Amino acid sequence: MSQHTLFPTETEQARAQELRELLEHHSWRYYVLDDPEISDAEYDRLLRELSELEKRFPSLADPASPTSRIGGAVLDSLEARDHTLRMYSLDNALSLTDWREYVERTLRLLPGLEASRLAFWVDPKMDGLAMELIYENGLLTTALTRGDGHKGEVVTEAMRTVKNIPLRLRGEAPRFIEVRGEVVMTTRDFAALNRKQDEAGLKPFANPRNAAAGSVRQLDSRITASRPLRFMAYGVGMVDGVAGGTWPTYHELMQALNAMGFASAPEARVCSDPEAVEAAFNALNAQRDQLPFEIDGVVAKLNDTSLQEKLGYTARAPRWALALKFPPMQAETVLQDIAVQVGRTGVLTPVANLKPVRIGGVTVARATLHNEDEIRAKDLLIGDTVLVQRAGDVIPEVVCSLPEKRSGRETEFVFPSHCPACNSPVFRETGEVARRCVNSSCPAVLKESIRFFVSKGGLDIQGIGSRWIEEFVDKGLVHSTADLFTLTHAALDGLDRMGKKLADNMLQALEHAKKESRLAQMISALGIRHVGAQTAKALAARYRDLDQVAAAGFEELQTIPDIGPQVAESICLYFDTPANKELLARFRALGLWPRSAPPAPEVSEGPLAGKSILFTGTLSSLSRAEAQSAAEEAGARVVSGVSRKLDMLVAGEAAGSKLTKAEALGIRVLNEAAFLELLRQNSGKEAAETVVAREQLRLI
Ligand code: IVH
């Protein structure tokens, strides 16, 4: 019966409240305690029920609702904000000698105290992204990255999607608390994410830290929601007006954070004196392969907070804490061979084939050697015993050879003078370390170009995996990226393990790409040197199609933001090369010739004609995109920053610094209702009517 009313009944309100509490409880059991009480299916059912209730009754909206973990908010940019208290760095000890010196220094600063009375809280040093979560009256209101320690970036909506972060604190919580910790990914989740990146044709992340940082700093919180992030608390900033709170020991502070619903490293513990810290350091170092997270050392913090206060801070770090770094994970193995790989741009990269060896829980059998000069600098011979290490990055590195272990049978590596894939001569440009195969139809270059062409960074064509690309090229079905669009059932059916359904999907995806690809995607897919997604977008914003891009000269290209002489030269070179001209002619003939939207027709009448407008905050009756296109269709120009030239600002819920700035500049500010009214006045304009009609529908 309540289906058609705007306000929920008391029962519905109570149910929403109950569902939120239930869902938060079960999230905590699952993600913090790792001890679920209900099945995933049951959890999903409860979440769906809540989501449906909230959709029916917008008045039930609550930023602390577990439904906000799904993500949805899309920002224009990340806003910077000051930390209440500086987020310091840590001083490092690279050896136990460094640690012992630190203890002696500390004792000198605390006269009368003996080493045996110096207890430390010892935490694993997690390798992720430092984060501060601010809770007001028990609710998560702001999440800030560490940034430079003074100023961070606001990433609240992204962090709401991290499943083990409480949106509402448990139990009796302070009225105001800043909880600090590290955003991390487990080694296993990281490996799975990189597999997904790889399948999608995207570059894998170098290490869990980069993956965590890249996932948090997303403007679209749905992307963050899809990434397996965890928050591990390790401390606090301001707590009810007191820096660091009033807990007598670090141990008690950590217990309080756990009681509020935060996860922290289970390996952390109190060590009653500096020697016990050494033992804990050694024990964790021995265990580090088996831990779910990558750690690069331990952090020892004085347990007694009154002693912490006495010691205070240096310009960079607290005197009451020290990071004891583990030595990098190294192993000896044999360099069996050096292979040469050919990349998309024709660059030849030497790769070490190693006798497989386990380093830090990962079996290493290959390592990049970057280029010819590096092989010489590291004095590597084939057959050498070499030292290999993994330091932070997943990609291992050959550190050096161990010449004392040579038998005399080792051989020197000779860089090939011809491409290993097509046998054409390779060139080393002056001033460059890399050697290149410049044959534009080299099969290795072609395979890599196709891989890139269909990847997310290119036209994003689904279902054409690396294995098929190998076959297409090896079997001679495809000689260029354009040939992909000439594939037919007849050609595909002959391939091993190619079913009808698979072929159907592939051909459909290609057809779809032909019709739907946007100019920016197409420019990016061409793989022009120095032209990434951002530059491709800038070019597509200026030009209507590839003809116009090709016709733009060296000088004109440099008038586009972010395009300098090097990029401009590379673009000109690409369009001047005969083989590329031929390729483009084929794309055109095949119907793959995207055009960017023509500039919106000038609207010369109405209250919004010719005006610049900016949206900030959340609108309740229409999405940001709907509002922007309605404004544009009514003749306004939507801009992204506040300046004196701005004509009006539309401020929704939770508008932030843009609103403050606009007010300070005396710019006209409209709320949502006033903006809708303005569109309504713009009568006769279809766009406005559509919006108004939708607005009225919602009120029925
Ligand atoms: S305590 C003032 N504890 O290491 C105390 N930091 O090198 C500062 N980190 O930016 C932090 N694990 O993000 C602390 N268990 C841990 C940590 C930890 C990782 C990070 C932290 C900080 C960086 C400093």
Side-chain angles (χ1 to χ4, degrees), residues 83-94 98-99 102 106 120-133 143-153 155 159 162 165 178-186 207-213 216-217 229-239 242-245 247 249-251 253-255 257-258 262-271 277 280-281 284-285 288 291-305 307-326 391-392:
H83 290 286
T84 324
L85 296 173
R86 163 136 178 230
M87 280 181 89
Y88 281 91
S89 194
L90 285 170
D91 281 333
N92 292 323
L94 298 179
D98 286 354
W99 162 248
Y102 165 81
T106 308
F120 288 87
W121 175 257
V122 174
D123 247 353
K125 185 166 191 301
M126 286 159 289
D127 204 8
L129 178 74
M131 182 68 58
E132 176 164 81
L133 303 175
L144 268 183
T145 63
R146 175 177 181 275
D148 63 4
H150 297 280
K151 228 186 204 22
E153 282 174 322
V155 288
M159 293 308 288
V162 176
I165 288 183
E178 296 173 336
V179 178
R180 292 174 173 184
E182 200 83 353
V183 181
V184 289
M185 237 179 238
T186 66
N207 50 44
R209 178 184 60 245
N210 287 5
V216 169
R217 297 186 64 263
L229 298 168
R230 308 280 170 104
F231 175 79
M232 305 298 276
Y234 58 60
V236 291
M238 193 61 96
V239 185
V242 183
W247 292 279
T249 63
Y250 215 87
H251 186 189
L253 151 68
M254 293 308 296
Q255 283 177 322
L257 289 180
N258 291 144
F262 292 96
S264 60
E267 298 80 15
R269 72 188 66 151
V270 177
C271 291
V277 174
F281 171 81
L284 269 176
N285 190 19
R288 66 191 287 208
L291 297 179
F293 297 101
E294 285 219 343
I295 65 173
D296 53 2
V298 300
V299 184
K301 302 165 188 170
L302 269 184
N303 194 36
D304 185 331
T305 45
L307 294 183
Q308 290 186 0
E309 260 171 58
K310 280 195 190 137
L311 289 173
Y313 296 79
T314 66
R316 200 186 98 85
R319 285 199 190 83
W320 47 265
L322 192 70
L324 288 77
K325 301 287 274 272
F326 293 142

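All residue numbers refer to positions in the sequence shown, counting from 1. If you're wondering where the values come from, they're calculated on a predicted model, not measured in any experiment. For ligands, and for the atoms within them, numbers begin at 1 and follow the listed sequence.
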Backbone N or O of [Y] within a donor-acceptor pair of the [X] side chain at under 3.5 Å?
| X | Y | result |
| --- | --- | --- |
| Asn92 | Leu94 | no |
| Glu178 | Val236 | no |
| Asn303 | His251 | yes |

Item to check | Any side-chain heavy-atom pair of Met185 and Leu229 under 4.5 Å | outcome: yes
Checklist entry - Under 3.5 Å, is there a donor-acceptor pair between the Ser264 and Asn258 side chains? => result yes
Next on the checklist: Against His83, only a single residue in Glu132, Arg180, His150 fulfils side-chain hydrogen bond (donor to acceptor under 3.5 Å, both in side chains); can you say which?
Outcome noted: Glu132
Ligand-protein N/O pairs under 3.5 Å (ligand 1):
from: ligand 1; atom 1: 3 (N); to: Lys301; atom 2: NZ; distance (Å): 2.9
from: ligand 1; atom 1: 4 (O); to: Lys125; atom 2: NZ; distance (Å): 3.2
from: ligand 1; atom 1: 7 (O); to: Lys125; atom 2: NZ; distance (Å): 3.4
from: ligand 1; atom 1: 12 (N); to: Met126; atom 2: N; distance (Å): 3.0
from: ligand 1; atom 1: 13 (O); to: Glu182; atom 2: OE1; distance (Å): 2.5
from: ligand 1; atom 1: 13 (O); to: Tyr234; atom 2: OH; distance (Å): 2.9
from: ligand 1; atom 1: 15 (N); to: Asp123; atom 2: OD2; distance (Å): 3.1
from: ligand 1; atom 1: 15 (N); to: Pro124; atom 2: O; distance (Å): 3.1

